[in-house]
Amino acid sequence: MHKKVLVSVAWPYVNGDIHVGHLSGYLLPADIFARYHRLRGDDVLMVSGSDCHGTPITVEADKQGLTPDQVVDKYHPNDVKLFKQYGFDYNLYTKTTTATHKRVTHEVFLDLLKNDFIVVDKMEQYYSPDDDAFLPDRYVEGVCPHCNAKDQRSDQCENCGRWLSDGELIDPVSKLTGNKVVLKETEHYFLDFEKLQSELRKFLDKNEGEWRNWVWKEADGWLREGLRKRAITRDMDWAIELPIDEIKKLPKEKQLNDFAGKKIYVWFEAVIGYLSAAQEWSESTGSEEKYTNDSGIVYRKTEDQSSDWKEWWLDSSSEHYYFMGQDNLVFHTLMWPGQLIGSQKGYTLPKNVFVNKFMNYEGKKFSKSRNWTIDSAKIAEKYGVDVVRYYIAANLPENKEANFTWEGFVDSVNNELVANLGNLINRTLKFFESKYNGEISLSDYEIDSNLQKEIDAAYRQAALLIEKGEIVNGLESIMKLARQGNKFFDENEIWQVIKTDKEKADQIMMDLLNLIINLATLMRPYLPFAATELHKMIVGDETDVQVDTDIWQSRYAQEFSLKSEVKILFQKLDREKVLEEREN
RNA sequence: CGCGGGGUGGAGCAGUGGCAGCUCGUCAGGCUCAUAACCUGAAGGUCGUUGGUUCGAAUCCAACCCCCGCAACCA
């Protein structure tokens with residue numbers, strides 16, 4: 001019986017290009033996880049989209065002389081294109097600017113407001129009397145009180161690195177107009193986490209031992225410190241507006257004195273995307289199984305899938321998994337669950353929150369501004385998507401920081417992927433092609449019992465590990481089977497046996513081919529393009545993934561025929577040439 | 001100051017009480033079906049430091065040193 005699995009992938013912020021760090025942090029592991037579950041016959045809904053609102057977008061817009069929605073329109077299609085290139089198999093990849101997202105955001109807001117988890121409170125904020133407007137911190141600059149550096153932002157001094165709190169900055173002015181700003185008290189809506197504390201405690205305790213240890217402890221640390229009220233509105237044009245008409249129907253104490261300029265703050269709204277995207281997916285209909293519509297939304301719904309979002313969100317047997325980088329840990333382990341709990345609608349809570357640390361680039365942080373980054377599209381184009389997927393998947397920062405190095409890339413690809421897995425497949429198929437003309441059939445064939453044990457163990461091990469989010473170890477258990485395969489090849493010396501004992505050679509050939517088709521399945525979550533190629537060579541069209549059909553298990557054929565000429569799946573990299581990348 | 005993570009043979013990592021393991025690299029041998037790929041064997045570690053608990057510690061406790069992330073208006 002299949003499960004409803006929601007694979008929730010963090011929403012990339014669309015103020016720049018996606019680099020290899022993003023891929024390793026959450027995008028690739030989420031795709032591997034989703035692909036695995038589809039092979040198991042689970043009904044997987046994988047959703048995400050572009051996170052479009054907030055100050056960084058407007059900052060980027062100002063810098064480029066564009067409007068915020070032009071910035072979104074510039075980067076969103078790039079991201080979509082990149083995801084297609086990498087084979088990331090979203091059911092819906094949307095944006096936070098859709099009507100559905102706004103509607104659902106309003107629903108969640110009103111639920112929380114009615115349930116008294118959203119309250120009105122006051123805070124001090126920078127205000128420009130001349131412009132009659134409150135300004136976000138990013139738009140206020142002045143003199144750092146610690147080192148006297150000029151033109152520093154009001155939240156952190158870039159010169160001395162110190163964090164500043166409100167009011168510390170000397171002679172604060174608006175970055176836009178140069179007008180003087182002052183701190184002024186203003187009303188905002190706050191999410192009252194103090195009221196959610198005990199429910200969140202229960203939620204965390206239930207997951208102790210299930211989540212990655214460091215993730216749980218980090219969340220636990222935050223919760224033990226005690227969560228405070230957190231503002232969920234701000235003075236900001238580029239944001240989702242409040243549902244003011246609905247709010248005005250509520251009692252006076254649930255209303256702000258002045259709604260002018262107050263919009264929903266991006267952190268509150270972006271995570272709601274997991275819920276709104278599921279609904280948008282449900283509502284969408286398409287004649288094609290997979291398409292990108294005019295607004296650049298990727299949509300995919302297969303015949304065998306349920307199309308009702310409620311089966312994922314309101315059925316307690318559904319399982320929700322989240323993928324993100326460590327900067328998002330608190331939002332997904334505590335804040336978002338808090339929002340769901342406070343809604344009191346019975347929404348499914350996260351079953352596991354897979355948080356990754358960051359991947360560095362040659363020992364230093366990826367940085368767009370310092371031009372220390374790898375173009376995700378280019379590297380895949382140059383060296384092959386699966387080759388890049390392999391290296392990243394083998395080096396995910398699951399428990400500690402990882403490091404992308406060109407030397408590691410070459411060594412890993414050449415000495416592991418190509419030499420071990422690629423070579424096993426190639427030597428088997430080449431032998432089959434030259435000595436058997438690509439045809440074999442053995443009616444009462446049974447696979448070598450030791451090999452069978454190893455194959456079954458690989459399926460079992462990889463399944464166990466991937467389900468726990470140990471994507472790196474899952475890959476290792478597949479590579480282990482390939483190593484065992486090479487050993488089997490050597491020990492059985494088929495190239496000798498075939499000269500003296502055809503019958504015995506046939507048996508070995510069958511064993512090897514059956515090993516290969518099982519490897520083709522095992523590698524599918526990680527190396528989807530190569531797996532498809534391989535499948536085409538020895539089986540024909542790839543078996544369709546179907547809800548309720550579990551193909552994550554060993555299978556053995558009694559005959560094989562090559563469908564095409566044997567091709568090399570992974571090309572060996574030119575070490576010298578790749579290492580030249582370091583110079584750039 | 002606070003909340004977390006990490007420190008294990010040349011590199012990357014696993015290992016939370018019982019003779020220190022894996023992948024890669026290195027060295028030696030073998031094989032020749034294969035993308036100079038594959039197989040076998042060997043060398044290589046006082047498990048960050050110091051002290052403690054224990055019959056026994058990489059693993060538990062204490063103190064300390066080094067590296068990294070987060071710190072709530074950069075999601």
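Residue numbers begin at 1 in each chain, while the letters A, B, ... track the order of the sequences.
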Nearest heavy atoms of A:T96 and A:C52, plus distance in Å: OG1-N, 2.9 Å

Nearest-nucleotide 5' precedence on RNA chain B, A:W214 against A:N414: A:W214

Any strand: nucleotide that pairs with B:A42 via Watson-Crick or wobble, under 3.5 Å: B:U26

Under-4.0 Å side-chain N/O to phosphate OP1/OP2 contact, A:N399 with B:G6: no

side-chain N/O A:K480 vs B:C22 OP1/OP2, d < 4.0 Å: no

Phosphate-side-chain proximity, A:K400 and B:G7, N/O vs OP1/OP2 below 4.0 Å: yes

G-U wobble or Watson-Crick pairing nucleotide for B:G51 (cut-off 3.5 Å, both distances): B:C61

Heteroatom pairs (N/O) under 3.5 angstrom, protein to nucleotides 39-42 of chain B:
unit_1 : atom_1 : unit_2 : atom_2 : d
B:C39  : O4'    : A:D490 : OD2    : 2.9
B:U40  : OP1    : A:K487 : NZ     : 3.4

Parallel, tilted or perpendicular: ring planes of A:H22 versus A:Y26, cut at 30 and 60 degrees: perpendicular

Presence of A:K357 side-chain N/O under 4.0 Å of B:C68 phosphate oxygens OP1/OP2: no

Rounded distance in Å between the P positions of B:A14 and B:U8: 10 Å

Nucleotide forming a Watson-Crick or wobble pair with B:G21, both distances under 3.5 Å: B:C13

Presence of A:Y265 side-chain N/O under 4.0 Å of B:C74 phosphate oxygens OP1/OP2: yes

Counterpart base for B:C70, defined by Watson-Crick or G-U wobble contacts under 3.5 Å: B:G2

Integer angstrom distance from the C1' of B:C24 to that of B:G5: 25 Å

Toward the 5' end of RNA chain B, by each residue's nearest nucleotide, A:K435 or A:D220: A:D220

Residue pairs passing the side chain to side chain donor-acceptor pair (under 3.5 Å) test where at least one lies in residues 492-502 of chain A, sequence neighbours excluded: A:K502-A:D506

Pair assignment for B:A36, Watson-Crick or G-U wobble, requiring both distances under 3.5 Å: none

Aromatic stack A:F489/B:C33: centroid gap under 5.5 Å, interplanar angle under 30°: yes

Sequence neighbours excluded - salt bridge (charged side-chain N to carboxylate O under 4.0 Å, His left out) pairs with any residue from residues 418-436 of chain A: A:R427-A:D490

What pairs of donor and acceptor atoms, side-chain ones from residues 409-417 of chain A against any protein atom, are under 3.5 angstrom apart with sequence neighbours left out?
unit_1 : atom_1 : unit_2 : atom_2 : d
A:D411 : OD1    : A:R575 : NH1    : 2.6
A:N414 : OD1    : A:L573 : N      : 2.8
A:N414 : ND2    : A:L573 : O      : 3.0
A:N415 : ND2    : A:D411 : O      : 3.4
A:E416 : OE1    : A:Y390 : OH     : 2.8

Sequence neighbours excluded, every pair satisfying salt bridge (charged side-chain N to carboxylate O under 4.0 Å, His left out) that has a member inside residues 478-489 of chain A: A:E476-A:R483

Aromatic-base stack, A:W495 on B:C33, cutoff 5.5 Å, angle under 30: yes

Within residues 323-339 of chain A or reaching into it, pairs that qualify as side chain to side chain donor-acceptor pair (under 3.5 Å) - sequence neighbours excluded: A:Y274-A:H332, A:Y322-A:W336

